Asks: 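Pasting a structure here, questions to come.
None of the values given here were measured: they were computed from a predicted structure. To find a chain, count down the sequence lines: A is the first, B the second, and so on, and within it residues start at 1. What you see below is based on every heavy atom in this structure, not just the backbone, and it leaves out hydrogens, waters and symmetry mates.
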Protein chains: 2
Amino acid sequence: MSDLLERLRGRGWRMTSQRRVVAEVLEGDHVHLTADEVHARAAQRLPEISRATVYNTLGELVSLGEVIEVVTDGRARRYDPNAHHPHQHLVCSACGTMRDVSPTGSPLADLPAEERFGFTVSGADVTYRGLCPACIRRPGA
Amino acid sequence: MSDLLERLRGRGWRMTSQRRVVAEVLEGDHVHLTADEVHARAAQRLPEISRATVYNTLGELVSLGEVIEVVTDGRARRYDPNAHHPHQHLVCSACGTMRDVSPTGSPLADLPAEERFGFTVSGADVTYRGLCPACIRRPGA
DNA sequence: TTATTGACTTGGACTCTGTCCATCGTAGGA
DNA sequence: TCCTACGATGGACAGAGTCCAAGTCAATAA
C-alpha cells in the first residue's frame, strides 16, 4: 500500500475500493488531473465507480490536505497530489500543459504591509504562463 | 463619456446602449464583478439586456485588453477593468472579497532557468490569500 | 464466522456558468 | 431618410459540480 493510503487509513479513513482507486490514480509527479480525468482512469480499474464518488473523494483528499485543488482557467479544477512540498505552477498558454516549479524566494515577502489592506495574508499562489517547448516549435501555436 | 468609451469608439467599436451600459458598470477601482453581477447591474439601467450580450461584450473588452479576466476559484470568472496598471490580487478566503495589490519586485525574477523546463515564460499571476478585516473580526469565519 | 450499523456509493435530477445559433433590430454611413 | 452589416436577443445546449434518497458494504463486536 502506498504512503498516501497508509496515512489515510491511519487517520481513520474507511478504506473502500473506490477510494483506493482514486488515491492510486493520483500518484506521481506533475500530475494535474481534472475530476473527469480521474473518473475516467479510475473507471478503467473499477468500471462502476460513479462521478459523485470521485467528486466526494477528491473533496475529502483536499480537506485532509493530501491533494491541492488548482485553478488556472475558468474550466475544470485540477487535482495535484504534490501537497507536501510547497510549489507553484507553470502553465502553457497554448496547450494547457502544467509543471510544478519551485521559485526562489517567497511571493509573500513582496507584499508590503501598506498593500495588505488590513488582511491577514497566509499564502500566495503563483501561476507562471508561457509556451512549452512543443508549442514553441509548433508554428502558429 | 468616459475614457474607456472614448477609447473604444476610437477603435471603431460600434456604440450601442448595451455596450455603453456594460462598460459603465465596470468603472471604478477594485471592481471584480462576475458576468452575472455585471448583467444584474446593467439590467437596472437597461432591463431588457440579455445575458448573451453581456457575455459577448465582456469577451470583446477582454480581447481588446480593456478588461482582465480573473479566476480565483472554480466558480464564475471575474472581470477587472484595471487593465492598464499591472497588479496582482488579494482574496479573502472566507468571503471572497478581492483587492488589487502591487507587490514589489517581479515574480518572474524568482523563476530560475532550471525551473523553466524549456518554457518561454511571459508572465505570472499571483493570488494572495488570507482573511479580510471584517472576517478576522467575525468569530468562526 | 456472522450480525450489525453507520458510513460510503450510486445514479439521476438539479444548479450554475458559459456558449451557440437563428432571427430580429438598429447604428452609422451613403 | 434609407440600407445594411453588425450587434442584440432568448432559448437551447453543454460542461462542471452539487445534492439527495435509497442501496451497499467495511469494520467492529459478539
Side-chain angles (χ1 to χ4, degrees), chain A residues 1 5-6 8-25 32-43 45-64 66-80 96, chain B residues 1 5-6 8-26 32-64 66-80 96:
Chain A
M1 184 186 295
L5 291 175
E6 199 84 25
L8 293 172
R9 190 188 281 279
R11 293 218 221 171
W13 220 44
R14 185 157 147 186
M15 191 52 60
T16 67
S17 53
Q18 292 86 348
R19 288 175 165 188
R20 189 192 321 276
V21 167
V22 169
E24 284 169 359
V25 162
H32 308 95
L33 300 172
T34 64
D36 259 12
E37 287 165 353
V38 171
H39 179 245
R41 297 192 186 195
R45 302 195 216 170
L46 198 63
E48 67 280 16
I49 192 171
S50 75
R51 272 182 1 113
T53 296
V54 170
Y55 276 104
N56 288 341
T57 304
L58 290 172
E60 285 155 15
L61 289 171
V62 170
S63 298
L64 291 169
E66 294 290 349
V67 164
I68 293 168
E69 213 171 48
V70 184
V71 178
T72 55
D73 53 14
R75 301 311 195 125
R77 303 171 197 168
R78 294 184 171 274
Y79 294 88
D80 180 350
Chain B
M1 186 186 294
L5 291 175
E6 198 85 24
L8 292 171
R9 190 188 280 279
R11 294 218 221 171
W13 221 44
R14 186 157 145 184
M15 191 52 59
T16 67
S17 54
Q18 292 85 350
R19 287 177 165 188
R20 190 192 321 276
V21 167
V22 168
E24 284 170 358
V25 163
L26 283 173
H32 307 95
L33 300 172
T34 64
D36 258 12
E37 287 165 352
V38 171
H39 180 246
R41 296 191 188 195
Q44 287 175 1
R45 301 196 219 170
L46 198 63
E48 67 281 18
I49 192 171
S50 75
R51 270 180 3 111
T53 296
V54 171
Y55 275 103
N56 288 341
T57 304
L58 290 172
E60 286 154 16
L61 289 171
V62 170
S63 300
L64 290 169
E66 295 290 349
V67 164
I68 293 168
E69 212 171 50
V70 184
V71 178
T72 53
D73 53 15
R75 300 312 197 121
R77 303 171 197 168
R78 294 184 172 273
Y79 294 88
D80 179 351

Asks: Looking at DNA chain C, which of residues 72-80 of chain B put a heavy atom within less than 4.0 Å of it?
Replies: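 Residues of residues 72-80 of chain B that come under 4.0 Å of DNA chain C are, in numerical order, A76(B), R77(B).
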
Asks: Between L33(A) (CG) and dG17(D) (P), how many Å, whole number?
Replies: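 The distance from CG of L33(A) to P of dG17(D) comes to 13 Å, rounded to the nearest Å.
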
Asks: Can you check the L46(A) CG to dT10(C) C1' distance for me, whole Å?
Replies: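 Answer to the nearest Å: 12 Å.
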
Asks: For nucleotides 28-30 of chain D, list the nitrogen or oxygen atoms of the protein found under 3.5 Å from its nitrogen or oxygen atoms, one pair per line.
Replies:
none

Asks: Side chains of V38(B) and V22(B): closer than 4.5 Å at any heavy-atom pair?
Replies: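 Sidechains of V22(B) and V38(B): in contact.
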
Asks: Strictly under 3.5 Å: I want the nitrogen or oxygen pairs between protein and nucleotides 23-26 of chain C, one per line.
Replies:
residue	atom	partner	partner atom	Å
dT26(C)	O2	R14(B)	NH2	3.0

Asks: Between A76(B) and T34(B), what is the shortest heavy-atom contact and its length?
Replies: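 The answer is CB-CG2, 3.8 Å.
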
Asks: Taking the nucleotide of DNA chain C with the nearest heavy atom to each, does W13(B) or T34(B) sit closer to the 5' end?
Replies: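 The answer here is T34(B).
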
Asks: Can you run down the salt bridge (Lys or Arg N to Asp or Glu O under 4.0 Å) pairs that involve residues 36-45 of chain B, sequence neighbours left out, and say none if there aren't any?
Replies: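 Of all non-adjacent pairs touching residues 36-45 of chain B, those that pass salt bridge (Lys or Arg N to Asp or Glu O under 4.0 Å) are E24(B)-R45(B), E37(B)-R78(B).
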
Asks: For DNA chain D, what residues of residues 56-64 of chain A have any heavy atom nearer than 4.0 Å?
Replies: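 Close to the strand, none.
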
Asks: Is the phosphate of dT9(D), meaning OP1 or OP2, less than 4.0 Å from a side-chain N or O of T53(B)?
Replies: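 Answer is yes, contact under 4.0 Å.
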
Asks: Five pairs at each end of the helix from dT1(C)-dA30(D) to dA30(C)-dT1(D): take the axis at both ends and give me the angle between them to 10°.
Replies: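 That helix gives 20° between its end axes.
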
Asks: CZ of R9(A) versus P of dC8(C): gap in Å, rounded?
Replies: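 Rounding to the nearest Å, CZ of R9(A) and P of dC8(C) are 13 Å apart.
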
Asks: Rounded to the nearest Å, what distance is computed from the CD atom of residue E69(B) to the C1' atom of nucleotide dT19(C)?
Replies: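 These atoms are roughly 13 Å apart.
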
Asks: At less than 4.0 Å, is any side-chain N or O atom of Q18(B) found next to OP1 or OP2 of dT9(D)? Yes or no.
Replies: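 Looking at the OP1 and OP2 atoms of dT9(D), one of them is under 4.0 Å from a side-chain N or O of Q18(B).
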
Asks: Test of understanding: with ring pair (Phe, Tyr, Trp, His ring centres under 6.0 Å), list the residues that count as partners of H32(A), not counting sequence neighbours.
Replies: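 H32(A): ring pair (Phe, Tyr, Trp, His ring centres under 6.0 Å) contacts with H89(A).
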
Asks: Output yes when at least one side-chain N/O atom of Y55(B) is less than 4.0 Å from OP1 or OP2 of dT19(C), else no.
Replies: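 Answer is no, no contact under 4.0 Å.
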
Asks: Could you give the distance from OG1 (T57(A)) to CH2 (W13(A)), rounded to the nearest 0.5 Å?
Replies: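 Result: 5.5 Å between the selected atoms.
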
Asks: Calculate, to the nearest 0.5 Å, the distance between atoms CD and CZ belonging to E69(A) and R77(A) respectively.
Replies: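 One gets 5.0 Å once the value is rounded to the nearest 0.5 Å.
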
Asks: Scan for salt bridge (Lys or Arg N to Asp or Glu O under 4.0 Å) pairs involving residues 52-61 of chain B, sequence neighbours excluded, and state none if there are none.
Replies: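 Qualifying pairs, neighbours excluded: R19(B)-E60(B).
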
Asks: Examine dA7(C): is either OP1 or OP2 under 4.0 Å from a nitrogen or oxygen in the side chain of R19(A)? Give yes or no.
Replies: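 For dA7(C), OP1/OP2 do not have a side-chain N/O of R19(A) under 4.0 Å.
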
Asks: Quick one: L8(A) CG to dA26(D) C1', roughly how many Å, whole number?
Replies: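 One finds 16 Å between C1' of dA26(D) and CG of L8(A), rounded.
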
Asks: Could you pull out the closest heavy-atom pair between L64(B) and R11(B), with the gap in Å?
Replies: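 Taking L64(B) first and R11(B) second, the nearest heavy atoms are O-NH2, 2.9 Å.
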
Asks: For residues 47-54 of chain A, dump all side-chain donor-acceptor pairs below 3.5 Å to protein atoms at least two apart in sequence or in another chain.
Replies:
residue	atom	partner	partner atom	Å
S50(A)	OG	T53(A)	N	3.2
S50(A)	OG	T53(A)	OG1	3.1

Asks: State the CE-CG distance between M15(A) and L5(A), to the nearest 0.5 angstrom.
Replies: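 It is 5.0 Å, given to the nearest 0.5 Å.
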
Asks: Just how far is it from atom CD1 of I68(A) to atom CG of L61(A), taken to the nearest 0.5 Å?
Replies: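 Answer rounded to 0.5 Å: 12.0 Å.
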
Asks: Taking CG from D36(A) and P from dG17(D), how many angstroms apart are they, rounded to a whole number?
Replies: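 In whole Å, dG17(D) P lies 8 Å from D36(A) CG.
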
Asks: Under the side-chain contact (heavy atoms from CB on, under 4.5 Å) rule, collect the residues that match up with A35(B), sequence neighbours excluded.
Replies: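 Only Y55(B), L58(B), Y79(B) meet the side-chain contact (heavy atoms from CB on, under 4.5 Å) criterion with A35(B).
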
Asks: Dump the pairs, protein N or O against N or O of nucleotides 11-15 of chain C, anything under 3.5 Å, distances to one decimal.
Replies:
none

